[in-house]
Asks: 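If you scroll down you'll find the structure; I have some questions about it.
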Amino acid sequence: MASEPRTVTRPVEPLFLDRWSPRAFDGSAMPQADLDTLFDAARWAPSASNHQPWRFLYAHRDSADWGRFLDLLVPANQTWAKNASVLLFVLSDRMMPVSGSDELQPFRTHSFDTGAAWALLALQATRLGYHTHGMAGIDYDRVPRELAIPDRFQVEAAVAIGRQADKSILPEQLQAREVPSGRKEIEAFAHAGNFAG
């Protein structure tokens, strides 16, 4: 889909710029082999002590679980995510084994590592011609109950995956937002030495 190009001030890999989060999906089926390729990319994310705390629960749009997964999104996200090919929930394991033992200990970087896995999944999707849209707009109270998630796992977010459609399928108020967003300047988030805002 045509859009205004993103601009950079350094020689950034174009794949990073091509990845963005549309809401207009065409509802086409996603082969399991393509989804497995996304999961394969995610598994190569860096992970403290190689613990790999990420977990992905998913439903294809033609599966028996689709309605349950869609119902766990807030209504505003359901209006457009219903046209995705796959919905998935991203979880992270809060605990990790103590070396040489069956005991568990808190895993401080579970969310950090899982974020890295999600990023690789999103980039692989872009490489295959899909788009992903991460969402915090989910029912965080119901997701663990509905999807039988053990207490030690944290629900991080949901993701819609699919091929992009024309923005005209979206409600009018979302059509204007259906463009890749810009980013803060580097100086706004990277500082030598002490914290500077």
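Just the heavy atoms: all of them, side chains too, but no hydrogens, waters or symmetry mates, feed the values below.
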Asks: Out of curiosity, Thr126 OG1 to Leu38 CG, how far, rounded to the nearest 0.5 Å?
Replies: 8.5 Å
Asks: Do Gln124 and Leu128 have side chains that approach each other closer than 4.5 Å (heavy atoms only, starting at C-beta)?
Replies: yes
Asks: Could you check whether any side-chain heavy atom of Ile161 comes within less than 4.5 Å of a side-chain heavy atom of Leu35, counting everything from C-beta outward?
Replies: yes
Asks: Please find the pair of heavy atoms, one from Ser85 and one from Arg163, that lie closest to each other, and give the distance.
Replies: OG-N, 4.3 Å
Asks: Could you check whether any side-chain heavy atom of Gln52 comes within less than 4.5 Å of a side-chain heavy atom of Asp113, counting everything from C-beta outward?
Replies: no
Asks: Which atoms form the tightest heavy-atom contact between Trp54 and Ala45, and what is the distance?
Replies: CH2-O, 3.6 Å
Asks: For the backbone of Ser21 and the side chain of His131, can you confirm whether one donor and one acceptor N or O come within less than 3.5 Å of each other?
Replies: no
Asks: Within a radius of less than 6.0 Å around CZ of Arg68, do more than 12 heavy atoms belonging to other residues, nucleotides or ligands occur?
Replies: yes
Asks: Measure from NZ or CZ of Arg94 to the centre of the six-membered ring of Phe107 and say whether it is under 6.0 Å with the direction within 45° of the ring axis.
Replies: no
Asks: Is the CD atom of Gln173 crowded by more than 12 outside heavy atoms at less than 6.0 Å?
Replies: yes
Asks: Does atom OH (Tyr140) have a neighbourhood of more than 12 heavy atoms from anything else shown, all under 6.0 Å?
Replies: yes
Asks: State, to 0.1 Å, how close Tyr58 and Gln32 come at their nearest heavy-atom pair, and which atoms those are.
Replies: OH-NE2, 3.2 Å
Asks: Do side-chain atoms of Ser101 reach the backbone of Pro97 as a donor and acceptor pair under 3.5 angstrom?
Replies: no
Asks: What is the distance from atom CZ of Arg55 to atom CG of Leu147, rounded to the nearest 0.5 Å?
Replies: 15.0 Å
Asks: Nearest 0.5 Å, what's the CD1-CG distance between Ile169 and Asp26?
Replies: 8.0 Å
Asks: Would you indicate whether Asp151, at its atom CG, is surrounded by more than 12 heavy atoms from other residues, nucleotides or ligands within a distance under 6.0 Å?
Replies: no
Asks: State whether the side chain of Gln164 and the backbone N or O of Pro22 hold a donor-acceptor pair below 3.5 Å, judged by distance alone.
Replies: no
Asks: What closest approach, in Å, do Asp71 and Gln78 show between heavy atoms, and which atom pair accounts for it?
Replies: O-NE2, 3.6 Å
Asks: When you look at CZ of Arg43, are more than 12 heavy atoms from neighbouring residues, nucleotides or ligands closer to it than 6.0 Å?
Replies: yes
Asks: For a quick check under 3.5 Å, do Asp65 and Ser63 share a side-chain donor-acceptor pair by atom type?
Replies: no
Asks: Can you confirm whether Asp139 sits close enough to Glu146 that some side-chain heavy atom of one is under 4.5 Å from a side-chain heavy atom of the other?
Replies: no
Asks: Without swapping roles, check the side chain of Gln175 against the backbone of Leu170 for a donor-acceptor pair under 3.5 Å.
Replies: yes
Asks: Just checking Glu13: does its CD atom have more than 12 heavy atoms from other residues, nucleotides or ligands closer to it than 6.0 angstrom?
Replies: yes
Asks: Quick one: are Ile138 and Phe89 in side-chain contact, heavy atoms under 4.5 Å?
Replies: yes
Asks: Does Leu121 reach the side chain of Val90, with side-chain heavy atoms less than 4.5 Å apart?
Replies: no
Asks: Does a side-chain heavy-atom distance below 4.5 Å link Val8 with Phe16?
Replies: no
Asks: Is the number of heavy atoms from other residues, nucleotides or ligands within 6.0 Å of CZ (Arg177) greater than 12?
Replies: no
Asks: Search all heavy atoms of Phe25 against all heavy atoms of His133 and return the closest pair with its distance.
Replies: CZ-CB, 4.3 Å
Asks: Has Arg61 got a side-chain atom pairing as donor or acceptor with Ala84's backbone, closer than 3.5 angstrom?
Replies: yes
Asks: Would you sort out whether His110 and His51 count as a side chain to side chain contact (heavy atoms under 4.5 Å, CB included), showing the intermediate values?
Replies: CA-CA 9 Å; His110 62 94; His51 181 52; over 6 Å; no
Asks: Between Leu104 and Arg152, which heavy-atom pair has the shortest distance, and what is it?
Replies: CD1-NH1, 3.4 Å
Asks: Can you find a heavy atom in the side chain of Val159 that is under 4.5 Å from one in the side chain of Phe56?
Replies: no
